[in-house]
Structure formats: structure tokens, C-alpha cells
Chemist: 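What follows is a single structure, and I will ask about it in a moment.
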There are 2 protein chains.
Amino acid sequence: MTIETSNLHIRHFSKHEHLARVGDPQRVVYKIQEGWACRYSIVPDGRRQITAVYLPGDFCEPQWLLAGKAQLPIIAITPMTVTEIPLENIYAQPGKAVQDLLGAMLKAFNRQTDWIVSLGRKSAKARVQEFLLELHRRLHASDAVSVHRCTIPLTQQDMADVLGLTAVHVNRVLKDLRKSGAISLRGKTLSLGHNERVQTEPATSGAPHMLIRPAREPMLA
Amino acid sequence: MTIETSNLHIRHFSKHEHLARVGDPQRVVYKIQEGWACRYSIVPDGRRQITAVYLPGDFCEPQWLLAGKAQLPIIAITPMTVTEIPLENIYAQPGKAVQDLLGAMLKAFNRQTDWIVSLGRKSAKARVQEFLLELHRRLHASDAVSVHRCTIPLTQQDMADVLGLTAVHVNRVLKDLRKSGAISLRGKTLSLGHNERVQTEPATSGAPHMLIRPAREPMLA
DNA sequence: CGTTTAATTGAAAACCGTCAAAGTGCGTGG
DNA sequence: CCACGCACTTTGACGGTTTTCAATTAAACG
């Protein structure tokens, strides 16, 4: 992307290893090269809610630039390869890197807004469908992905924790979607049906983005 | 606050008037002096989901600094008085104003995260309770509010649209809460019971904030 | 291969939504 | 000042979606 790629530390995380824990001071943000991760919260009764999913190409997490610490834990869903982007450098000489990170933060913000709408006002079936289509779209944007096929390394429990459902119900909904031909997730392979490839546009993060105001951006000089 | 208060335009909005519509270019952000507003989205079947509530003292909306336009409509819940903060000025000479707005954006971001956790993993009763306590806490922070009493100008339909519920169910939950003595909302007056005043701490936005990293902030010079 | 983890299925129950009707409060105008 | 209209609140009966509990099957992993 646009963040300078010289002198970057490469780092690996194994499956289920934490990239950050609650309250950890963060001196870097990660740019994900390979693998998936998620941010989550555990509620008092022990259940988990995933509040963000990080894919290759994503920053994890842009808001560390502002907060300087992790408000919620981040865990690797698969083995990961990331590059470390030191925040000190960015503080010292703000430039395009700041714009990239703030742009990514705005995207994450809009994605959260869309997710609130889904959780509050959409059925389980619509949420599953929308989530899988979003994953496909995001993978397609950064990476080379077939138009109607991609790999989703999430368990049904992971998806349930994103979708605010139980794993059992996710399973039933996936069966329904498979039967109705819209979307098929068999094993880790997601296949999109012919007609259902275009639909369920999100309210905010789906628009072709103009992230930073064209004239006189504040963060550049 | 810390945004310069000289040369500010004052503006009024009447109840149910839009502060912004989808896609509107935004050359200002509003600092709310009086009244409440909310951001919302309408789903295809016509139902509404509120994704943010703006109280006196809040900025509406910090992310306009980055996006330059409104991704979702904002509507006044009550008659409002606001001051306009022109973004051009901030672009021209970034300073404390940028830090204030980015700090507010981070708070809004964390608030959204907490709300995803509520919608995904908490019961209707817990959501109502948590929402009312959050409103009380936020009112208490900026304004002079009694420790156990405040005014909530929302209809039960408004609350339902925040909480991802129906107005009928909100009504029943409020009755339950009143009976169990925890929280009482009669008319527009919210009263907190003796023992239930401290509880349900949010995962992120509840912590005593250190918003901007203490050393070498990027947005200042 | 055996062991663990994940996926699948069924039956029953809980939670919340829908529909419908009646009650309450409040502002406007006569 | 009272009557009316309108918006909001409250209540009941019923239905649907999702959860819970439990058991079985399938897949992944050493």
C-alpha cells in the first residue's frame, strides 16, 4: 500500500495466539500479510462476541494510533504473517501513513455501524448471507480470489460469535442457504450461487469510498 | 471545551428536522449545546435502526472531518441548539481541534463496539438497563444531573430502534425493571434504584479514557 | 488409528415479535 | 376552559424465530 515498506519487521503468530490483550500498550500496528484474526469481548456469562475480523491486507488496528493501547483482545484465527509498523515513526513524521491509518479506521467504523444494523434489525439468515458476502467482497478486493469461490477458515462457532447466534443455529441457516442455492459453505469453501452474487448492499461501508476530503487534508503536512 | 469558541455560528433545528441526509457534503461539524439527535439507517422492510445517539456536549459527527460527507442521516429527537465548527479552519491549521475530534471519534468507535456486544450477546432486559445507565452516565459527565435522576426525551419506539427490539417489548421490559426496582422510567423521567447504580461496565468505552497517546501525538503540530 | 474438535440433527422451551385493542397524556383550537 | 385529535403507552393472546440440551456423525490432527 502506501505505508513505506522499508525496514519493516516481519512477525508470525500461531493459530489462537493473541496479537494483543486487554490494556496492552501498543507501539506498533500490524499490516496483515497472511492469515485471519479477530477482536472479541467475553460477556459475564462466558459467551463471546467478535467485534471485528481482520483479513490479509488489513491494518490491526488503526485506532491504536490514537488510543495507544488495545481496548479489546485480538486473537489469530489461523497462523499469521504480519509486518510491524512502528507508531513512533508515524508520530515523528506524520504523512501518508497517518492518512492510511485514519482511512482504515473510518472504514472499520462504518463496518461497525453496518454490523449494528444487521444485529439489530435483520434475521439470522440475512446476517449469515450478508456476512459471507462481505467476506468474499473484502477478500476479492485485496487478493486474487475467484469470482464465485473463496476459502473461509472460520468454524461455525466463530461465525456464531460474529453473528450474535449459536453455532447450532448457524449450522441450520447454512443448510437452508445451501438448499435454496444462494450460498454454499461446504468445509472451508464458500461458493456463491449465480444470481445471488449482487445484493445486500451495506448502508455505509459498501459505497465506493472517498475516505479523505479531497481538498486541504489535515493530516498530510 | 478545547475547540476555539470565537466566531462560531449558532444554529437551531426543530424536532424531527434532519441535521444531515445521506451523502450530504459536510463542511462543518456540530457541537451540541442543547437537545438530542440520532443517526439511523432504514432497512429494506422499512424498520429503523439507530446507530448513534448525540447528547449535549457531543460532536456530530467527528468522522465528517475524515469522510467529508454524511454516510447516514442524522435527525433531531428534540429541538436543538448547536454551534457550527467549520472544517475548513481545521484543515487549514490543524491543532487541538483535530485532537478533540479524533478523540471523540475514538469514543464513538468504542461505543459502537460495546453496542455490538450488547446486541449480539445480551438479553433485552440487559440491553435496556445498560442503555439507560449509559445515557445517565453520559448526561452526568457533561451536565449537572442528579445522581439518581435525569430526563430522557426518547419515545419507547426510539429506544426500540436503538436496542434492536420492538416498542411493545421495550414497554414490557421497562415494566419489569420498574417492578424489580432496578430502574424506573416514568414519563420522561429516569430514576435509578439504590443498589443498581453501579454495574454493567462496558468493555471499552467505560474505562477512564486516555484517548491520545501522551508522548509525541501526531496531530498537533 | 485413536483422540479431539467440529458439524449435524431432533425435540422442547424461552424469548421476542406480531396483531389488535384500549388507555393515557398533551397540545391545539374552538 | 373544555373538547377534540393525535401520538404515545399499555395490555393480552398468539405465533415464530432462535436457544438449549442432548446425542450422533463426520472431519481433522497427531
Side-chain angles (χ1 to χ4, degrees), chain A residues 14-16 36 38 43 45-50 75-79 118-132 151-180 183-190, chain B residues 14-16 36 38 43 45-50 75-79 118-132 151-180 183-190:
Chain A
S14 51
K15 186 175 176 178
H16 295 162
W36 291 32
C38 69
V43 294
D45 66 5
R47 288 179 303 165
R48 179 176 72 155
Q49 177 67 43
I50 291 177
I75 197 169
I77 292 171
T78 67
S118 274
L119 287 170
R121 289 295 183 225
K122 294 186 183 171
S123 69
K125 188 171 178 180
R127 294 213 292 274
V128 172
Q129 192 162 341
E130 193 168 308
F131 178 57
L132 292 177
T151 298
I152 308 286
L154 302 173
T155 67
Q156 293 181 3
Q157 182 63 59
D158 291 335
M159 291 187 237
D161 291 345
V162 172
L163 298 163
L165 300 169
T166 59
V168 171
H169 200 61
V170 167
N171 185 278
R172 295 193 225 272
V173 171
L174 285 174
K175 187 168 75 169
D176 282 1
L177 287 173
R178 228 178 287 133
K179 193 155 55 187
S180 65
I183 282 183
S184 166
L185 184 60
R186 305 188 64 83
K188 301 299 178 210
T189 301
L190 172 68
Chain B
S14 51
K15 186 174 175 176
H16 295 163
W36 293 31
C38 69
V43 294
D45 67 5
R47 288 179 303 166
R48 178 176 73 156
Q49 177 67 44
I50 291 177
I75 197 169
I77 292 170
T78 67
S118 274
L119 288 170
R121 289 295 183 225
K122 295 186 183 170
S123 68
K125 188 170 178 180
R127 294 214 290 276
V128 172
Q129 192 162 341
E130 193 168 309
F131 178 57
L132 293 177
T151 298
I152 308 286
L154 303 173
T155 67
Q156 293 180 4
Q157 182 63 59
D158 291 335
M159 291 187 236
D161 290 346
V162 172
L163 298 163
L165 301 170
T166 59
V168 171
H169 199 63
V170 167
N171 185 276
R172 295 194 224 271
V173 170
L174 286 174
K175 188 169 75 170
D176 281 2
L177 288 173
R178 228 178 286 133
K179 193 156 53 187
S180 64
I183 283 182
S184 165
L185 183 61
R186 305 189 65 82
K188 300 299 178 211
T189 301
L190 172 68

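Just so we're on the same page: letters track the sequence lines, and every chain starts at 1.
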Chemist: Leu165(B) has a side chain; which of dT20(D), dT9(D), dC16(C) sits nearest to it?
Modeler: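 Shortest atom-to-atom distance from the side chain points to dC16(C).
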
Chemist: Is it true that atom NZ of Lys15(A) has more than 12 heavy atoms of other residues, nucleotides or ligands lying nearer than 6.0 Å?
Modeler: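 No, the 6.0 Å shell around NZ holds no more than 12 heavy atoms from other groups.
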
Chemist: Of all the choices, dT18(D), dT10(D), dT9(D), which nucleotide is nearest to the side chain of Arg178(B) once you look at every atom?
Modeler: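 Nearest to the side chain of Arg178(B) among the choices is dT10(D).
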
Chemist: Nearest whole angstrom, please: distance from the C1' of dC15(C) to the CG of Leu163(B).
Modeler: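 Roughly 15 Å, once rounded to whole Å.
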
Chemist: How many whole angstroms separate atom CG of Leu154(A) from atom P of dA28(D)?
Modeler: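 Interatomic distance, CG of Leu154(A) to P of dA28(D): 15 Å.
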
Chemist: Mark yes or no for a side-chain to base donor-acceptor pair under 3.5 Å between Arg47(B) and dG17(C), with no hydrogen or angle criteria applied.
Modeler: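 No pair found.
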
Chemist: Could you give the CG-to-P distance, from Leu119(A) to dC16(C), as a whole number of Å?
Modeler: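 Interatomic distance, CG of Leu119(A) to P of dC16(C): 14 Å.
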
Chemist: Side chains of Val43(A) and Gln49(A): closer than 4.5 Å at any heavy-atom pair?
Modeler: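 No, their side chains stay 4.5 Å or more apart.
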
Chemist: Let me spell it out: for each of His169(B) and Ala167(A), pick the nucleotide of DNA chain C with the closest heavy atom. Which residue's pick is nearer the 5' end?
Modeler: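 Closer to the 5' end of DNA chain C: Ala167(A).
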
Chemist: Would you indicate whether the side-chain heavy atoms of Arg121(B) and Asp161(A) approach each other to under 4.5 Å?
Modeler: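 Contact flag for Asp161(A)/Arg121(B) side chains = yes.
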
Chemist: Figure out the NZ/C1' separation between Lys15(B) and dA7(D), and round it to whole Å.
Modeler: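 Answer to the nearest Å: 9 Å.
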
Chemist: Select one nucleotide: of dA22(D), dT18(D), dC16(C), the one nearest the side-chain heavy atoms of Val168(A).
Modeler: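 Within the option list, the nearest is dA22(D).
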
Chemist: Under a 4.0 Å threshold between the charged nitrogen and the carboxylate oxygen, would Arg48(A) count as salt-bridged to Asp158(A)?
Modeler: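 Yes, charged N to carboxylate O under 4.0 Å.
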
Chemist: In whole angstroms, how far is the P atom of dT5(C) from the NZ atom of Lys188(A)?
Modeler: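 It works out to 14 Å between those atoms.
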
Chemist: Can you confirm whether Arg178(A) sits close enough to Arg186(A) that some side-chain heavy atom of one is under 4.5 Å from a side-chain heavy atom of the other?
Modeler: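 They are in contact (side-chain heavy atoms under 4.5 Å apart), so the answer is yes.
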
Chemist: Could you pick out which residue, Arg172(A) or Arg121(A), lies toward the 5' side of DNA chain C when each is mapped onto its nearest nucleotide?
Modeler: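 The 5'-side residue here is Arg172(A).
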
Chemist: Under 4.0 Å between a side-chain N/O of Lys122(B) and OP1 or OP2 of dC16(C), yes or no?
Modeler: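 Checking dC16(C) against Lys122(B), no side-chain N or O comes under 4.0 Å of OP1 or OP2.
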
Chemist: Whether Lys175(A) contacts dT8(C) is assessed here as follows: a side-chain N or O lying under 4.0 Å from the phosphate OP1 or OP2. Is that the case?
Modeler: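 Negative; the distance criterion is not met.
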
Chemist: Please check the phosphate of dT19(D) (OP1 and OP2 only) for any side-chain N or O of Thr166(A) closer than 4.0 Å.
Modeler: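 So the side chain of Thr166(A) is within the cut-off, an N or O lying under 4.0 Å from OP1 or OP2 of dT19(D).
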
Chemist: Report the distance from atom CG of Leu185(A) to atom P of dA6(C), rounded to the nearest whole Å.
Modeler: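 To the nearest whole Å, that distance equals 15 Å.
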
Chemist: If you compare every side-chain N and O of Asn171(A) against the phosphate oxygens of dA7(C) (OP1, OP2), does one of them come in below 4.0 Å?
Modeler: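 Indeed not, no polar side-chain atom of Asn171(A) lies that close.
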
Chemist: Any side-chain N or O of Gln157(B) under 4.0 Å from OP1/OP2 of dC8(D)?
Modeler: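 So the side chain of Gln157(B) is outside the cut-off, no N or O lying under 4.0 Å from OP1 or OP2 of dC8(D).
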
Chemist: What integer distance in Å separates Asp176(B):CG from dA14(C):P?
Modeler: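 It is 16 Å, rounded to the nearest whole Å.
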
Chemist: Whole-Å distance between dT11(D) C1' and Leu174(B) CG?
Modeler: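 It is 14 Å, rounded to the nearest whole Å.
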
